[in-house]
Amino acid sequence: MTTTTAEQRLPRLERADAWARLAEGGGPSLTVSSPWASGDDAVLGEVATTPAARIGAIVESAREAQREWAEVPVRARAAILRRVGALARERREALMDVVQLESGKNRLSAFEEVMDVALNAAYYARAGRAALRPRRHSGATPVLTSTVEHHRPKGVVGIITPWNYPLTLAVSDALPALMAGNAVVLKPDSRTPLTALAGLELVRDAGLPAGLMRVVVGAGSEIGPPLVDAVDYLMFTGSTATGRVLAGACGERLIGCSMELGGKNPMLVLADADVERAAAGAVRACFSNSGQLCVSIERIYVADEVYDAFVAAFVRRVQAMSLGAGLDWDIDMGSLASRQQLDAVGAHVTDAVAKGATVLVGGRARPDLGPCMYEPTVLADVTEDMRLAREETFGPVVSVYRVGSDEEAIARANDSSYGLNASVWSARRGSEAAARVQAGTVNVNEGYAAAWGSTGAPMGGWRDSGLGRRHGVEGILKYTEAQTIAVQRGIGIAPVGSMTAARYAEVMNAAVGLVARMPRRR
Ligand code: NAD
């Protein structure tokens, strides 16, 4: 592994103070620090927190702004989204800087965030218009009933996000909510508020009217509950534990929610896979964003026939990775996002090794490179009694397992309480195996980016990995209430004139039979 240390003094974020002023403040200040340094050297800026008591009023004022926004033609909203995408690409260097400095990731992972915003902006500007268009349906009585389905905005959407993809998860999920005519109140993780505020500046500069998107700052346990109490829909991304609590709170209020939660994502390397391609793909799938990716791979099931060759190729590639803290493009893997994350990853590996796991590569923290650095780590001989066998590590740690058949690989991949993402490597049987894997997205001959980047198709989790979907038509219609308006002309839906109820029932019965036999419109 080649390595790079963070510069002694971190680059200054020129706009940190300007971004901080965009927060809904009023409470004590929060010091934002970079995981690339320690103490005073790490400080990136100060952001005022939002007192819990202000949250209700902020949501109310967003609701007022939303009433006007709902009247803005969908075409005009789409034009703003297009400008968000263009501006994100134009400002990519500054956005990548803040994402990297706040979260510690390498530049390529930060670039993926900016591109995700640009892709979603372009997709929802185009597909959002079609999805929101009123749809005519055949009415209760042919000719006499004219029925149209509409989609009305929910009102104010609360978005609560974690620290791992601080730009993507804040902005990309807000865009369809705004496109659908809602206001957004965003609560980013307290470790990454500057990125969220840079995202707010981006959408405002692209023309989003003032007041429609607000960023509140503070601890989830303090300002999360009043936010969930006040909004009309909740889009949550984070841990399964928090997701369960918040889904319960939404259930109490009978508001809708989308829960994008954790995973313990499997990769299957079948006997006919191209081993070198699979090994290169595994590096991307396991170690992008230092493994702090909800869709990253933490378990690899490899067919016996190719196990030795795959493991050798994978380990060789991991050994060749460059590791470090810095804004250069040539660093393959950056830091973990916090000491808390470093401790959690270290604890999983220590527990596994104590119970007999073999470290094939990595397995150590690297304080010489930065306070939160951990090596990309591949483990073998992982058994059920080890915590990381089933728990999400959310770091650069993956276990490899030898399997005897496709059947066994699929069965073991599915033996998890999660079902977020999966990856299958095979020359010929990829799609067939993928169809039998129980996960919201399955990538064939890629790790996660093929499905994630397909913004037109839904993305989300089965089982403990969540509820609801982002991307695709579902990713925008969830932010709307469906409303059916049916206009009845001429006669009512009742016996006409002197017709008896019994006769009416006979006529209707025959009519429904006729309708049932009518050829379906394609
Ligand atoms: P977390 O649940 O601890 O925190 C996520 C957000 O929720 C933060 O903003 C936090 O402040 C807030 N929060 C915490 N407690 C709250 C409460 N009681 N009320 C309201 N808000 C509260 O998650 P984390 O550990 O910081 O993030 C990592 C997790 O996120 C991993 O499990 C990862 O898999 C998951 N994740 C999922 C996806 C996805 O798309 N499925 C994407 C990224 C991350």
Side-chain angles (χ1 to χ4, degrees), residues 30 35 49-50 52 55 102-103 105 109 112-113 116 120 158-170 172-173 185-193 195-196 215-231 234-250 252 257-265 288-298 336-338 340-345 348 390-395 416-422 439-441 448 451-452 455 458-471 475:
L30 178 92
T49 55
T50 315
I55 299 287
E102 256 191 347
S103 67
K105 64 182 65 183
S109 297
E112 285 183 1
E113 293 213 41
D116 187 80
N120 275 282
I159 301 186
I160 299 182
T161 57
W163 40 266
N164 65 327
Y165 274 76
L167 184 70
T168 285
L169 298 174
S172 298
D173 284 334
V185 178
L186 164 69
K187 193 211 87 62
D189 191 278
S190 308
R191 277 166 278 191
T192 51
T195 303
V215 174
V216 295
V217 179
S221 55
E222 286 169 27
I223 62 170
L227 181 63
V228 177
D229 272 353
V231 294
L234 179 66
M235 168 74 215
F236 173 77
T237 306
S239 64
T240 296
T242 309
R244 270 189 216 288
V245 173
L246 297 186
C250 292
E252 277 296 317
C257 62
S258 190
M259 296 279 147
E260 300 289 344
L261 311 177
K264 185 78 190 173
N265 307 300
S288 288
N289 201 26
S290 312
Q292 303 163 118
L293 177 60
C294 54
V295 287
S296 85
I297 297 296
E298 296 197 358
L336 293 178
S338 64
Q340 188 190 344
Q341 203 55 26
L342 178 77
D343 292 345
V345 169
H348 264 196
R390 285 180 179 276
E391 286 175 31
E392 180 186 45
T393 303
F394 214 54
S416 168
S417 59
Y418 293 113
L420 188 58
N421 179 47
T441 50
Y448 66 85
W452 181 282
T455 42
M459 185 274 148
W462 294 13
R463 302 192 287 237
D464 289 358
S465 291
L467 295 172
R469 295 291 182 268
R470 57 164 60 94
H471 295 170

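Residues: numbered from 1 along the sequence shown. Order of appearance sets the numbers: ligands from 1, and atoms from 1 within every ligand.
- Counting only heavy atoms from C-beta outward, the side chains of Leu167 and Asp116 never approach each other to under 4.5 Å.
- In the vicinity of Arg470, heavy-atom distances shorter than 4.0 Å reach the ligand 1 atoms 39 (C), 40 (O).
- The residue Tyr165 has no part lying near ligand 1, judged by heavy-atom distances below 4.0 Å.
- Side-chain atoms of Ser288 and Lys105, non-hydrogen and from C-beta on, never get closer than 4.5 Å to each other.
- Taking the side chain as every heavy atom from C-beta outward, Glu260 and Cys294 never approach each other to under 4.5 Å.
- Of all the atoms in ligand 1, the ones that sit under 4.0 Å from a non-hydrogen atom of Cys294 are 34 (O), 36 (N), 37 (C), 38 (C), 39 (C), 40 (O), 41 (N), 42 (C), 43 (C), 44 (C).
- Using a 4.0 Å cut-off between heavy atoms, Val245 makes no contact with ligand 1 at all.
- For atom 35 (C) of ligand 1, the nearest protein heavy atom (residue, atom name, distance) is Gly238 O, 3.1 Å.
- Only backbone heavy atoms of Leu261 (N, CA, C or O) come within less than 4.0 Å of ligand 1; its side chain stays farther off.
- Using a distance-only test at 3.5 Å, with no hydrogens or angles considered, no donor-acceptor pair links the side chain of Lys187 to the main chain of Gly158.
- In the model, Thr455 has no side-chain atom that pairs as donor or acceptor with a side-chain atom of Asn120 under 3.5 Å.
- Residue, atom and distance of the protein heavy atom nearest to atom 26 (O) of ligand 1 are Trp163 NE1, 2.8 Å.
- The closest protein non-hydrogen atom to atom 28 (C) of ligand 1 is Phe394 CE2, 3.6 Å.
- Backbone and side-chain nitrogen or oxygen atoms of Ser221 are examined, and none is located within less than 3.5 angstrom of a nitrogen or oxygen of ligand 1.
- Applying the 4.0 Å criterion to heavy atoms of Leu420 picks out, from ligand 1, the atoms 41 (N).
- The ring pair (Phe, Tyr, Trp, His ring centres under 6.0 Å) search around Phe394 returns Trp163, not counting sequence neighbours.
- Ser103 places none of its side-chain heavy atoms less than 4.5 Å from the side chain of Arg191.
- A search for salt bridge (Lys or Arg N to Asp or Glu O under 4.0 Å) contacts involving Asp464 returns Arg244, not counting sequence neighbours.
- For atom 9 (O) of ligand 1, the nearest non-hydrogen atom of the protein is Thr161 O, 2.7 Å.
- Within ligand 1, counting atoms from 1 as listed, the ones closer than 4.0 Å to a heavy atom of Ser239 are 1 (P), 2 (O), 3 (O), 23 (O), 29 (C), 30 (O), 32 (O).
- The closest side-chain heavy-atom distance from Leu169 to Asn164 is below 4.5 Å.
- Protein heavy atom at the shortest distance from atom 11 (O) of ligand 1 is Lys187 NZ, 3.0 Å.
- Using a 4.0 Å cut-off to heavy atoms of Pro162, the atoms of ligand 1 that qualify are 27 (O), 44 (C).
- With 3.5 Å as the limit, one finds no donor-acceptor pair spanning the side chains of Tyr165 and Thr237.
- Counting heavy atoms closer than 4.0 Å to ligand 1, residue Ile160 contributes side-chain atoms (C-beta onward) but none from N, CA, C or O.
- Of all protein heavy atoms, the one lying nearest to atom 4 (O) of ligand 1 is Asp189 OD2, 4.5 Å.
- Taking every heavy atom of Asn164 and a limit of under 4.0 angstrom, the matching atoms of ligand 1 come to 43 (C), 44 (C).
- Here the protein heavy atom with the shortest distance to atom 31 (C) of ligand 1 is Glu392 OE1, 3.4 Å.
- The shortest contact between atom 17 (C) of ligand 1 and any protein heavy atom is with Gly220 O, 3.5 Å.
- Residue-level proximity to ligand 1 for Gln292 is absent, since no heavy atom of it falls below 4.0 angstrom.
- Residues Val228 and Cys250 are in side-chain contact: their nearest non-hydrogen atoms beyond the backbone lie under 4.5 Å apart.
- Contact annotation: the side chain of Val215 approaches that of Pro188 to within less than 4.5 Å [non-hydrogen atoms, C-beta and beyond].
- By the criterion of a heavy-atom distance under 4.0 Å, the side chain of Leu169, and not its backbone, is placed next to ligand 1.
- Distances from ligand 1 to the non-hydrogen atoms of Thr237 include at least one value under 4.0 Å.
- Residues Ser190 and Leu30 meet the side-chain proximity criterion, which asks for heavy atoms closer than 4.5 Å.
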